[in-house]
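We name chains A, B, ... by the order of the sequence lines, and we start the count at 1 in each one.
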Number of protein chains: 2
Amino acid sequence: MDQFKNIRIKDVAELAGVSVATVDRVLHERGKISEKAKAKVLEALEKTGYKPNLIASTLGSNKVYRIAAMLPDPALDDYWNQSGSGIFKATEEWAQYNVRIESFYFNLYDKKSFKQVSKKILDFNPDSVLLAPIQYHESLEFFGDLKERNIPYVIFNTNIPEADPLSFIGQDLYQSGRVGAEMIATKLGTKGNILVVHVYEEKLNAMHVKEKEKGFRDYFTSNNLTDFNIESYEFTDFNDAAFMRELQDVLSKRTIDGIFVATSKGTHLTAQVLDKAGKKNVALVGYDLLKDNIHYMYEGVINFLIHQNPRKQAVRGINFLVNYLLFKKQPPVNDLFPLEIITRENIKSYLHSDSI
Amino acid sequence: MDQFKNIRIKDVAELAGVSVATVDRVLHERGKISEKAKAKVLEALEKTGYKPNLIASTLGSNKVYRIAAMLPDPALDDYWNQSGSGIFKATEEWAQYNVRIESFYFNLYDKKSFKQVSKKILDFNPDSVLLAPIQYHESLEFFGDLKERNIPYVIFNTNIPEADPLSFIGQDLYQSGRVGAEMIATKLGTKGNILVVHVYEEKLNAMHVKEKEKGFRDYFTSNNLTDFNIESYEFTDFNDAAFMRELQDVLSKRTIDGIFVATSKGTHLTAQVLDKAGKKNVALVGYDLLKDNIHYMYEGVINFLIHQNPRKQAVRGINFLVNYLLFKKQPPVNDLFPLEIITRENIKSYLHSDSI
DNA sequence: TTGAAAGCGCTAACAT
DNA sequence: ATGTTAGCGCTTTCAA
C-alpha cells in the first residue's frame, strides 16, 4: 500500500535532512544553495524517484505564464489556418493551468511585417515564444533578441540550422521527398515522365523545397529506376493565374505521367489545372490536407498527399513550451513527425479523427 | 486588472452571505441546505459567473482514482505488447495525479480466462475500466455487471455494437480493408490474382476480420476493377508451422500477385513464407508495426502495413477515463483513429517519432 | 545559505 | 442546516 504513496517534496526534504524550501531551490535552480545541501537533495531525489505534482505546482505558484505564438496570418492561407487552429486548441487546453497564449500573425510575403510583429512580441515580453521562422534573415535577428532577453523559443514547420532553439518540430524533408517518389513509382510501375513542379511562392522556402526534391530524385537513382524521366519546372511568376496558364501550356506539349509538387498551395493549383485539362490519369502527389486538396483528392485528381500535420505541430510546440516552463522538462532538440500518406481511401479517417 | 481575477468559492460565499461550505454543498448537491441559502448561493453563482478551478478541486479532494485495464496478456503477443506499453506509459504519466491503473490480463484464446479476469476486476472495484472486449458474449455479460455497479468503461480495439461504453477507440475496419485494397491495386495496376489469407487465430476475431475483408472486396467492385481475381483462404489449423506449410503449398500451385492479411500475426507468418519461397515480387499488405513485420518490410517482402496504433489506442483510452473522472470531461462516443499507411520509405519516420 | 509559515482554491471532517 | 478549519503539494515571502 505504502509503496503507492506519492513522494512529496516533504518526503525528499526529510530524507535529505533539509527543509522543503531547500528542495524546492534545487528543483528549480533558484536562490543560493550550498554544494553540500544540493548533493544531499539530489541524492534523495534520485533515491525516491521524485516526480513533481503539476497540479499542486500551478496552484501553489499563482504565476501566469505568457507564451507568444508567431505564425503567418491564418486568415490568408489554409495551411497556416491549421496551425492557427492548433494554437487555439492549446490555448484552451492550458488555460486552466494559468498559461496565457497570445497569437501574433505576420504576412507570409512581407518581410517588413515579420520584423514589425517580432518587435511587438518583444514588447509583449512573453515567457517564451513559439514561431514558424519563414523569413530567414529576419528570424535570425529575432532569435538574437530573444536570446539576449533569455526568452526560450521553439520553432516549427521550417528549420533554420543556425536557429539554436529549444526544439524544432517538423518533418524530415529529404525523406518526405522519397516518400512522394515511392508513391508515384508505385502507381506508375517501372517507367514514366515525371514533372517536379515549383510554384513561385516556394522561393520563400527555397531550402524546404530543394530538400524534398533531392529526396524525390534520389529515390529513383537509389532504386535503379532508370526508366523514369524526371524534369523540374520552376514557375516564377508571382500570380496564380499566370502559373496555371504556364503549367497548362507545358502539359499540352508533352506526355506527363506523374507530377510531384512540394508545397500545399502548389498542390491544389496543379490539381486545378489537371482537372480543367481533364487529365485525371496523371499521378499527382502533393502536400497537406487543405480544403482544396481534399476536394481534388475526392475528385480523383490528386492521388497522394503527404501530411505535414501543421495543427499537430503547433499543439506539440505549445506543449513543449508549457512543459519546459512549468517543469523544466527539456523537449527533444528535433521532433520529426511521421510522414503520413493520405489516399482516397484513408482520407476520411484523417478528417474525422481529432487525433492530435 | 481586477476583472481578470478568477472568482473563487470564497467570493461567491461572501456575496451570498454564507460560508464556503454552503457554496460547496450547492455546487455538488451534497448534504442538506435550506431553500433560502440555496437560492442566495445560486444567485451569487449566477451573478459572478463562477467557474470551478478543477486543479484546486483535485488537489483538495485527495481522492485516489482506480482504473482497471483489461487486455490480452502482452507477454504472449507482440500486438498486445504494444497496447500494454501504452497502458504502462499512461500509468506512469498519471501516477502523480493520484490515478492508479491496475492491469488485468486474460488469455486471448481462452474464454474462461476472460470470465475469470472480469470477476477479478469486479472484486478490485475500480472507479472505471478500460478494456479490449475480444470475447463477445463474455464482454456483454461483463458490461452488464459494470453498469449495475455504475462503473463507467471505455472499450478499445474491438467494437461491440451493444456495448454502450463511455467511448470506443479503434479504427473503421471496413475502410481499413478498402485501404489495403487500394494499396494492392496501386501496386498491381489493373489486374492480378489476389489472395485474402486468414490465419486460424482470426476465428476469435471473426467480425473484425470479416469487416476488413468486406471493405477489401468492395474496393474492387466499387471501382470496377473486374480484372482482379480475389480468393479467400482460411487456414484453420491452430498451429504456426502447419499454417505456413499449407500456405506454401497453395503458393506453389498457382500464380499469386498480391496477398492481403487482416491480422498482424498473420502478416509476418505470411511474409516468412514468401521470404523463404523467394517470392518478394508478390505484393503483400498486412497490419501493424510489429518487430517481425518491420523486419520483413526492410527485407522488401512486405509492401504496405496498415498501422492500428495499439499503443496510442491504449494511451488514449486511459486519458479519456482520467479526464472523465477528474474533470467530468465527456469523451467522444467514437474515436476512430486514422488509417495510417506504412511503407518502406516512411517506416523510419514512424519508428523514430514518439508521437503518441 | 537555510527554514518556518502563509498562501493558492477546493474538499471534507468536525463542530455547532 | 451551517460554519470552521485543517489539509492537498507546492511556491514564496520573510526572518534568521
Per A/Arg30 side chain, nearest of listed nucleotides C/dA12, D/dT12, D/dC10: D/dT12
Side-chain ion pair, B/Asp145 and B/Lys119, N-O less than 4.0 Å: no
A/Lys51/B/Glu92 salt bridge by N-O under 4.0 Å criterion: no
Interatomic distance where CZ belongs to A/Arg25 and P belongs to C/dG3 [whole Å]: 8 Å
A/Ser61, nearest nucleotide to its side chain (from D/dT12, D/dC10, C/dT2): D/dT12
Options D/dT4, D/dC8, C/dG9, nucleotide nearest the side-chain atoms of B/Asn53: C/dG9
Given DNA chain D, 5'-ward residue of the pair B/Asn62 and B/Ala21, judged by closest heavy atom: B/Ala21
Residues from residues 34-42 of chain A lying under 4.0 Å of DNA chain C - heavy atoms: A/Ser34, A/Ala37
Out of D/dC10, C/dT11, C/dG9, whichever nucleotide has its closest atom nearest the side chain of B/Arg8: C/dG9
Whole angstrom value for the distance that separates C1' of C/dG7 from CG of B/Leu59: 13 Å
Protein-nucleotide distance (A/Glu14, atom CD; D/dG9, atom P), rounded to Å: 12 Å
Heavy-atom neighbours of A/Tyr105 OH exceed 12 at 6.0 Å: yes
Atom-to-atom span, CG of A/Asn6 to C1' of D/dG7 - whole angstrom: 16 Å
NZ/NE/NH1/NH2 to OD/OE distance under 4.0 Å, A/Lys120 and A/Asp123: no
Between A/Asn6 and A/Asn53: side-chain donor-acceptor atoms closer than 3.5 Å: no
Nucleotide nearest A/Ile9 (side chain, heavy atoms from C-beta), chosen from D/dC10, D/dT5, C/dC10: D/dC10
Rounded interatomic separation in angstrom, taking NE2 from B/His28 and C1' from C/dC10: 8 Å
Selected nucleotide, minimal atom distance to A/Thr22 side chain, candidates C/dG9, C/dT2, D/dG9: C/dT2
Gap between atoms NZ and P, on B/Lys32 and C/dA15 respectively (whole Å): 22 Å
Touch class at under 4.0 angstrom, heavy-atom based, for A/Ile33 against every strand present: sugar-phosphate
Nucleotide nearest B/Val20 (side chain, heavy atoms from C-beta), chosen from D/dT4, D/dT11, D/dG3: D/dT4
Rounded distance (nearest 0.5 Å) linking atom CG of B/Asp127 with atom CD1 of B/Ile67: 8.0 Å
Euclidean distance, atom CG of residue B/Leu54 to atom C1' of C/dT11 [Å, nearest integer]: 13 Å
Phosphate OP1/OP2 of D/dG3: any B/Ser19 side-chain N/O under 4.0 Å: yes
B/Tyr97 side chain near D/dC8 phosphate (N/O to OP1/OP2, under 4.0 Å): no
Rounded interatomic separation in angstrom, taking CD1 from B/Ile55 and C1' from C/dT11: 16 Å
Cation-pi check, A/Lys63 onto A/Tyr65 ring (under 6.0 Å, within 45° of axis): yes
Point-to-point distance, once rounded to the nearest 0.5 Å, from CZ of B/Arg100 to CZ of B/Arg66: 10.5 Å
